[in-house]
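Read the structure below first, then the notes.
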Amino acid sequence: MYTINPGEFKHKIELKEVKTSTDADNIPTKTLTTIWTTKSRVRNNIASSKELDDGERTSITKIITTRFPKHLKLDIEDANRYKVLYNNRLYNVVSLSNIREENKYLQINIGAIE
């Protein structure tokens with residue numbers, strides 16, 4: 001069985017859901033709603049470089065591991081619906097993964113600061 005030391009869950013994150021609605025002028029607007037606040041383990045060792053027309057860009061992605069939220073119905077297939085607030089910065093969610101399909105731990109890959 002895959003287990004993680006509970007003492008490693010010391011970083012506070014907020015999982016936010018992006019909801020699209022229209023205002024009075026029929027203009028689509030996006031709102032962020034906090035759906036979950038938890039403690040988690042954050043690792044940030046992955047860096048990649050991309051060459052663009054105006055130079056080279058380095059992006060660092062973080063891997064967040066946390067307990068699986070059994071009270072939420074997360075759409076793991078559609079990671080674009082979610083954002084993560086960590087250290088007062090808003091990150092895009094690249095992917096969500098249920099580790100070993102045990103509904104015990106959730107792995108969230110985040111990158112590209114908003």
With distance as the sole test, does T37 use its side chain to make a donor-acceptor pair with the main-chain N or O of E14 at under 3.5 Å?
-> no

Residues V18, K83; criterion side-chain contact (heavy atoms from CB on, under 4.5 Å); working and verdict = CA-CA 7 Å; V18 178; K83 307 265 186 211; 3.7 Å; yes

About how many Å separate CG of L32 and CG of L15, when rounded to the nearest 0.5 Å?
-> 10.5 Å

With distance as the sole test, does Y105 use its side chain to make a donor-acceptor pair with the main-chain N or O of I4 at under 3.5 Å?
-> yes

Can you see which heavy atom on F68 is nearest to which on I76, and at what distance?
-> CE1-CD1, 4.3 Å

Roughly how far apart are D78 CG and S95 OG, rounded to 0.5 Å?
-> 12.5 Å

Steps toward side-chain contact (heavy atoms from CB on, under 4.5 Å) verdict (I35, Y82) = CA-CA 10 Å; I35 59 173; Y82 305 105; 3.8 Å; yes

Heavy-atom closest pair (T20 atom, P28 atom, distance to 0.1 Å) is CG2-CB, 4.4 Å

Can you tell me how far CD1 of I110 sits from CG of L85, rounded to the nearest 0.5 angstrom?
-> 10.0 Å

Heavy-atom closest pair (T65 atom, S40 atom, distance to 0.1 Å) is O-CB, 3.3 Å

Verify whether one side chain among K16 and T34 offers a donor that lies under 3.5 Å from an acceptor in the other.
-> yes

Do any N or O atoms from the side chain of Y91 and from the backbone of T61 form a donor-acceptor pair under 3.5 angstrom?
-> no

Closest non-hydrogen contact found for I108 with V93 is CG2-CG1, 4.0 Å

Nearest-0.5 Å distance that lies between atom CZ in R41 and atom CD in Q107 | 8.5 Å

In terms of hydrophobic clustering (I, L, V, M, F, W, Y; side-chain heavy atoms under 4.5 Å; direct or indirect links), are V94 and I99 co-clustered?
-> no

So H71 and W36, would you call those rings parallel, tilted or perpendicular, with 30° and 60° as cut-offs?
-> perpendicular

About how many Å separate CD of E8 and CZ of R43, when rounded to the nearest 0.5 Å?
-> 9.0 Å

Side-chain (T66) to main-chain (K39) donor-acceptor, under 3.5 angstrom | yes

Nearest heavy-atom approach of I13 to Y86 is CG2-CD1, 3.8 Å

Minimum heavy-atom distance between P69 and L74, given as atom pair plus value | CG-CD1, 3.6 Å

Do any N or O atoms from the side chain of N98 and from the backbone of N103 form a donor-acceptor pair under 3.5 angstrom?
-> yes

Does N87 reach the main-chain N or O of R89 with its side chain, forming a donor-acceptor pair under 3.5 Å?
-> no

